[in-house]
Participant: 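Before we start, here is the structure in question, set down as structure tokens.
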Amino acid sequence: MQYCLRCCYPANTRPHLIIDEMGVCASCRAFEQRASKDENYWNNKREELKKLLQEYKEKARKNGASYDCIIPVSGGKDSHYQTYLITQVYKMRPLLVAYNHGYNSRLGLRNINNLVNQFGCDLLRYNTNPKTARKLSLFMLSKVGDMTWHHHSGIYSFPFQTAVRYKVPLVIYGEDGGGYWQGMFNLDDQVEFTQKHRQEIAMRGFEPDDILNDAENKDITRADLAPFFFPPDEEIESVGVRGIYLSNYDQWNQIEHAELMIKKYGFQTYQSSEQTFNLHSSIDDLFEGTHNYLKYLKFGYSRCTDHASMEIRYQRMSREEAIEMIRKYEYLKRPKNLDLFLKFAGITEKEFLDKIDHLRDPQIWEKDSKGEWHQLDWVGNHIWDKGVEDARLPIKEKWRFMTSAPYQDPPVNYSYGEDEEIISL
Amino acid sequence: MLKNRLIPNIIVNNGHVVQSRNFKHTNVVGYAITAVDFFNNWAVDEIIILDVSRQPGNRDQFHNIIQGVSRRSFVPMTVGGWIRDTTEINQFLKEGADKVSINTEAVNNPNFISDAAKMFGSQCIVVSIDVKKNQVNEYEVFIDRGRKPTGLHPVEWVKEVEKLGAGEIFLTSIDHDGTKQGYDLKLLQQVCENVTIPVIAFGGVGKWQDFVDGIKIGKADAVSAANIFHYTQQSTFNAKKYLVEAGLNMRMPEFYKLSTPRNPKYTETY
Amino acid sequence: MLAIVDYGMGNVRSIYNAFNLLGEEVCITDDKNTLSSAEAIIVPGVGAFSDGMKNLREKNLLEILEKEVIEKKKPYLGICLGLEFLAEKSLEGGSHTGFGWIKGTVIRLQPNTPSLRVPHIGWNDTMVLKKEGLFKEIQKPTFYFLHSYYLKVDESEKNIITSICDYGGNQITATLQKDNIYAVQFHPEKSQSTGIKLLKNFLDDIRK
């Protein structure tokens, strides 16, 4: 397996990551372009965003809509920053739209409550029931090796159903995953949301109709898939729906966002994490650990590699240190989170592993005669690869992940009316 | 009235759809089947699929892709990349291609053009011409994925190609490719004024107005682009709308969704 | 069962996919018996007229087509070359004989405006002369053309032409219908919704 000489990404990042003749991957190269932009560029972009927001606010008014725009949120640090930017800096009145996948952590719920309270925004939240969530998780586990399929599908479909229903054309996402993480696009491409990208990447190629048509589907009905149907082209065109990524208009320094949200806007974090050193990401999703483990079982790398590679690009971590992080948190590690999922799903670990057997990348995983899987390669075998020195970036600052004050679970056994925390949702 | 055509170019490198920047392909954007599906939905007039892999490598993989995508494309499809003999042309046509594009082999063996035209009809044979400005700042035709100079001037080569029986020209500016500065209108005009077969313009589109310029100023019969169509929702549909509003004679934009099930597979390679 | 004639030329897969989309049972064949029991015979075709006729002759398909379509009056749909074959002769690359089922000659396009190029490639409008039949419920008859030669029907049979496409003064026979013989010069299987609707209309018409 070929690994980037600068960060830690393997070439088998789905669909494929091209590593150039210097051994540097497309993701790092795309980031170089982002890092090269000066203050002038971002000032212009902010102006552009201001004009765009105003234009779409007027469109919404003409449609008879009451909100200026829609922000899809999960309650995480990005949701907080997006809402902060749109309401406090650009003075818009958005409708927050959330898709509740049903696997919330208590801290996650607390954060989304915080989001609504801090910025005074209305929230439209679609709640998938646990029975449906279990059905979808198990089915998509064997189809695409992702039991959180409905998370991404929900967040990239339900806001558009809302946009059409409420006639609010502008949908504002935070970061453009394809460009910011996967090296599919450069900043200059100025990509926007497309149904095409949503289908082949976020939904792993499966639309709700495909699940309904699938011969192996025994119990998933149309109602189970209700929030995932993308509105027809005609409706999108008539309302003028458009999804944009704020990372095209903002420097998107996630550490700074998170720190601002923690210090000034009540965002809370965990004090430690089982799978990565990044304490700001994916706080709301209780099964994130299992999801990351599945990525590892398919491709041989996971979230820790993503975070470490990003720190390298931001010049806050050296490649050696990054590999140490991966060794500590990810390499050959089975998360305890998996037990929680197995209990919820009602399957054994063997059943779980059997379901994704056919999805393991044969370039990384080999099955021996006893039926045990062995990992053939990982970035740790490539610390001394030729060309690493030439690809290296100088370190500019030390990496850090500021935490908030420790989160306390609300007390139980209290009497009605006394010492209660007001829960707005 | 014969309409101008809007044609997305799906660039495939080792089986994956990529962006093209001055003929360098480092950004993988997705899968061919998804691109073909959505472009069919979004009002395109034709589709081009090119294999730009550096080495011919696994031809079966590309043939597999063509077979897989042709069943979901109900607009004409032109297939190109590493086509070097009439047997392969026949194979592609059987797999669902309507036209084929030849480039390097046409220069290396010009009779290939006339042989193919005689066997399959001129209308099936598109000759693709890649042009770059050379060291003395003159237009020169390059072959082998833009790596080898030929010493030919595009106008002289295109006239030869027409005589040999090509049905259409696919003209690419390597210098403009992926740069978002618009087509090389001077090159385009020179070529269009010196042939009587249709010309498809390619290379450099950064905004919809570039398509209008390509037809009105460059005199192209059809306009093509690759990268830009992956960036926005209903991209080709919006481009078509823009062209119609600019007064050009185009097939009216409409959404066309196939009712046949997609049957996707996670491990599918196309 | 609809039968698409396989004579080694032309994009049979596309027309197969198109009928599949309509939910029809269709096969690609050169077998005498299959053609004999088919509900309708479809002859697609892209390429040189002479090569096409040669292949049909060598596979003994000329007699079968003559028997099924002319004698037994089986519905026939010819697409592109499949229309040109109906002529008495074609002047493409010399002079070659066609089926002779329609009085006329296939000649090269010679548009009188320099901006109109040959081959005729792209989407073009057709002027519909017979509204019913193939063009039922088609508001915008725009189809994809891909050819350099066209059928000039003899004066005596001009009434079989159901739509024409004017190309620089050349009156292209875009569609024709003579009893059970239907033919189109453009490619309905590549004309998206309009083309698929036309194919549906063909099926509805022959099943009336």
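Quick caveat, the model's predicted, so the values are computed rather than measured. Just so it is clear: chains get the letters A, B, ... in the order the sequence lines come, proteins before strands, and each one is counted from 1.
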Participant: Holding to side chain to side chain contact (heavy atoms under 4.5 Å, CB included), I want the full list of residues that pass it with K130(C), two or more places apart in sequence or in another chain.
Facilitator: T162(C), Q177(C)
Participant: Under a 4.5 Å cutoff for heavy-atom pairs, which residue among C165(C), G23(C), P119(C) has the most contacts with chain B?
Facilitator: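 Going by pairs under 4.5 Å, I would pick P119(C).
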Participant: Looking at K59(C), I want to see if its NZ is surrounded by more than 12 non-hydrogen atoms of other residues, nucleotides or ligands under 6.0 Å.
Facilitator: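 For K59(C), atom NZ is crowded (more than 12 foreign heavy atoms under 6.0 Å).
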Participant: Taking atom NZ of K178(C) as the centre, report whether more than 12 heavy atoms of other residues, nucleotides or ligands fall under 6.0 Å from it.
Facilitator: yes
Participant: Tell me which of these, V46(C), I196(C), L146(C), has more heavy-atom pairs under 4.5 Å with chain B than the rest.
Facilitator: L146(C)
Participant: With sequence neighbours excluded, tell me which residues meet side chain to side chain contact (heavy atoms under 4.5 Å, CB included) with A87(C).
Facilitator: V106(C), L151(C)
Participant: For V158(B), give me all partners under side chain to side chain contact (heavy atoms under 4.5 Å, CB included), at least two apart in sequence or on another chain.
Facilitator: I129(B), I169(B), V191(B), V195(B)
Participant: Relative to chain C, which segment of L93(B) carries a heavy atom at a distance below 4.5 Å: side chain, backbone, both, or neither?
Facilitator: backbone
Participant: Is the NZ atom of K32(C) crowded by more than 12 outside heavy atoms at less than 6.0 Å?
Facilitator: no
Participant: What residue in C124(B), A97(B), A117(B) has the most heavy-atom pairs under 4.5 Å with chain C?
Facilitator: A97(B)
Participant: Produce the donor-acceptor pair table for chain C versus chain B, cut-off under 3.5 Å.
Facilitator:
from, atom 1, to, atom 2, distance (Å)
N11(C), ND2, G96(B), O, 3.2
N11(C), ND2, A97(B), O, 3.0
N11(C), ND2, D98(B), OD1, 3.1
R117(C), NE, D221(B), OD1, 2.9
R117(C), NE, D221(B), OD2, 3.2
R117(C), NH1, V195(B), O, 2.6
R117(C), NH1, I197(B), O, 3.4
W123(C), O, K3(B), N, 2.9
W123(C), NE1, D45(B), O, 3.0
N124(C), OD1, M1(B), N, 3.1
N124(C), OD1, L2(B), N, 3.1
D125(C), OD1, K3(B), NZ, 3.3
D125(C), OD2, M1(B), N, 3.4
D125(C), OD2, K3(B), NZ, 2.9
Y144(C), OH, E46(B), OE2, 2.5
Y144(C), OH, K99(B), NZ, 3.3
K190(C), NZ, D98(B), OD2, 2.9
Q192(C), N, F74(B), O, 3.1
Q192(C), OE1, R251(B), NH2, 3.2
Q192(C), NE2, N40(B), O, 2.8
Q192(C), NE2, N40(B), OD1, 3.4
S193(C), OG, E254(B), OE1, 3.4
S193(C), OG, E254(B), OE2, 2.8

Participant: Below 4.5 Å from any heavy atom of chain C, which atoms of M119(B) appear? Answer side chain, backbone, both or neither.
Facilitator: backbone
